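Following: one structure in structure tokens, then a few remarks.
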Amino acid sequence: MRHLLSAGDLDLTEALLVLDTAEQLDRAIAGRDVKKLPTLRGRTVVNLFYEDSTRTRTSFELAAKRLSADVINFSAKGSSVAKGESLKDTALSLEAMGADAVVARHWASGAPERLTSWVRGSVINAGDGTHEHPTQALLDAFTMRRRLRGGEGDLEGLHVAIVGDVLHSRVARSNTLLLRTLGARVTLVAPPTLLPLGVERMFGDPVDVSYDLDSVLPTADVVMMLRVQSERMAESFFPSAREYSRRYGLDVRRMGLLPDHAIVMHPGPMNRGMEIAADVADHPKRSTIVEQVTNGVSVRMAVLYLLLGGAE
Ligand code: NCD
């Protein structure tokens with residue numbers, strides 16, 4: 001594979017290869033004083049970010065540096081040139097500088113795919129509009145596998161509830177695609193206004209949908225809370241923040257409905273007190289939110305390694 005644009009690009013074998021490679025790289029790094037491998041020495045990775053990001057950009061930067069690649073951070077914030085043109089011109093410049101990989105985040109769905117026709121290097125989608133965020137799905141799957149499957153194999157039989165602003169969430173889309181490939185069952189839980197039209201059939205095989213969080217939690221192995229993406233909402237999708245939390249927020253009482261072994265995830269950034277209560281987000285046993293960030297580095301190392309074909 002040359003690019004990673006969608007979680008749906010990965011078949012079961014490829015998805016497992018990424019997760020297994022991430023485990024191996026993680027172990028290789030953990031045993032070292034100097035947390036660096038020489039694998040991508042002399043290669044150039046460009047972070048091309050047209051949208052704000054904390055975790056994803058720094059995580060890709062650290063992943064590339066741990067593999068000894070040269071990293072360029074290009075933040076296009078504030079650019080007022082027409083979308084298509086500026087993206088193309090930027091891409092051509094990156095191409096001229098010899099980027100081996102372009103890690104792209106863009107507010108427009110499909111922008112990373114456009115990039116593939118302008119650059120020779122590998123393009124990795126780091127989040128495009130409301131479309132996809134495949135490395136987030138991979139790091140989430142990695143986290144579930146470590147916590148609930150001893151870090152091996154697929155996720156056959158796991159029940160994952162993805163809760164909240166599904167409509168605007170590239171995380172929900174990529175996770176649904178990848179989790180199904182890995183054999184998990186997904187239930188999307190949201191108010192009807194925050195579900196895409198025809199969501200039951202938008203992923204090929206029908207997906208389970210519920211409007212009632214309390215009824216889903218008792219059978220969930222994983223509950224993944226999504227950020228309410230106010231910046232993508234021009235109108236109001238629910239009566240009030242308080243009403244939203246009351247029905248779809250994960251508080252301590254609701255967390256008590258989960259089976260003992262179940263974990264709570266969130267991709268960040270969180271709206272504490274809105275979709276997730278602080279006591280839940282910081283829960284020492286159930287919350288994997290900090291682990292997800294740590295695991296993101298290993299998973300992105302694996303993706304860069306596999307796409308750029310490391311020499312060692
Ligand atoms: C997500 C994103 O940007 O898509 N965050 C992330 O990458 N960790 C989710 C979000 O913004 O809500």
Side-chain angles (χ1 to χ4, degrees), residues 4-8 22 47-64 73 75-77 103-113 124-144 160-179 188-191 194-196 222-233 237-238 241 244-245 248-250 263-276 280-281 287-301 303-304:
L4 180 59
L5 301 174
S6 160
N47 276 329
L48 180 62
F49 278 62
Y50 281 76
E51 215 185 55
D52 297 343
S53 169
T54 310
R55 277 153 288 268
T56 307
R57 196 191 59 71
T58 49
S59 177
F60 267 109
E61 180 171 358
L62 191 56
N73 288 309
S75 160
K77 199 169 162 62
V103 176
R105 169 167 288 198
H106 203 285
W107 62 78
S109 301
E113 183 170 8
I124 301 170
N125 181 1
D128 61 331
T130 58
H131 179 228
E132 284 224 39
H133 193 354
T135 60
Q136 179 70 43
L138 284 162
L139 78 87
D140 290 336
F142 181 94
T143 305
M144 292 177 211
V160 182
I162 302 181
V163 185
D165 188 358
V166 176
L167 180 65
H168 300 105
S169 179
R170 50 199 181 203
V171 175
R173 232 169 290 273
S174 289
N175 259 291
T176 303
L177 290 167
L178 183 68
L179 286 167
L188 300 172
V189 186
L194 288 177
L195 284 166
V222 177
V223 55
M224 181 182 294
M225 302 309 295
L226 300 171
R227 182 173 64 88
V228 175
Q229 305 203 7
S230 312
E231 81 277 19
R232 295 190 213 276
M233 296 182 192
F237 285 81
F238 44 84
Y244 180 87
S245 324
Y248 294 98
L250 192 62
I263 57 172
V264 175
M265 308 181 77
H266 193 303
M270 287 183 272
N271 297 307
R272 281 173 184 257
M274 176 99 164
E275 70 266 1
I276 191 164
V280 176
S287 170
T288 64
I289 295 167
V290 176
E291 259 164 77
Q292 285 169 263
V293 177
T294 306
N295 294 340
V297 179
S298 308
V299 164
R300 288 173 176 125
M301 282 172 74
V303 168
L304 289 168

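Predicted, not measured: the structure shown is a model, and the values here were computed from it. Atoms within a ligand are numbered from 1 in the order they appear, just like the ligands themselves.
Annotation: atom 3 (O) of ligand 1 to nearest protein heavy atom, Arg170 NH2, 2.9 Å. Looking at atom 12 (O) of ligand 1, its nearest protein heavy atom turns out to be Arg227 NE, 2.7 Å. If you check which protein heavy atom lies closest to atom 7 (O) of ligand 1, you get His133 NE2, 2.8 Å. Of the protein's non-hydrogen atoms, Pro267 O, 2.9 Å is the one closest to atom 8 (N) of ligand 1.
Listed by number with element, the atoms of ligand 1 under 4.0 Å from a non-hydrogen atom of Val171 are 1 (C), 4 (O), 9 (C). Every atom of ligand 1 is numbered from 1 in the order shown, and the set under 4.0 Å from a heavy atom of Gln136 is 6 (C), 7 (O), 8 (N). Near Gln229, with a cut-off below 4.0 Å to any heavy atom, the atoms of ligand 1 are 10 (C), 12 (O). Which parts of ligand 1 touch Thr56 is read off a 4.0 Å heavy-atom cut-off, strictly below it: atoms 6 (C), 7 (O).
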His168/Leu194 under side-chain contact (heavy atoms from CB on, under 4.5 Å): CA gap, chis, key distance, verdict: CA-CA 8 Å; His168 300 105; Leu194 288 177; 4.2 Å; yes
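Within the 4.5 Å cutoff, side-chain heavy atoms of Ile276 are placed close to those of Ile289. Residues Arg55 and Gln292 fail the side-chain proximity criterion, which asks for heavy atoms closer than 4.5 Å. Two residues are said to be in side-chain contact when any heavy atoms from C-beta on lie closer than 4.5 Å; Asp140 and His133 fail this criterion. By the 4.5 Å heavy-atom criterion applied to side chains, Ile124 and Leu304 are counted as neighbours.
Taking each heavy atom of Leu177 and Glu132 in turn, the nearest pair found is CD1-OE2, 3.3 Å.
Both tests pass for Arg300 against the ring of Phe60: distance under 6.0 Å to the centre and angle within 45° of the axis.
With no hydrogens or angles considered, a side-chain donor-acceptor pair links Arg105 and Thr56 at under 3.5 Å.
Here Glu51 has no heavy atoms under 4.0 Å from ligand 1, in either its backbone or its side chain. The proximity of Arg105 to ligand 1, defined as any non-hydrogen pair under 4.0 Å, is limited to the side chain.
Remark: distances from the non-hydrogen atoms of Gly268 to ligand 1 include one below 4.0 Å.
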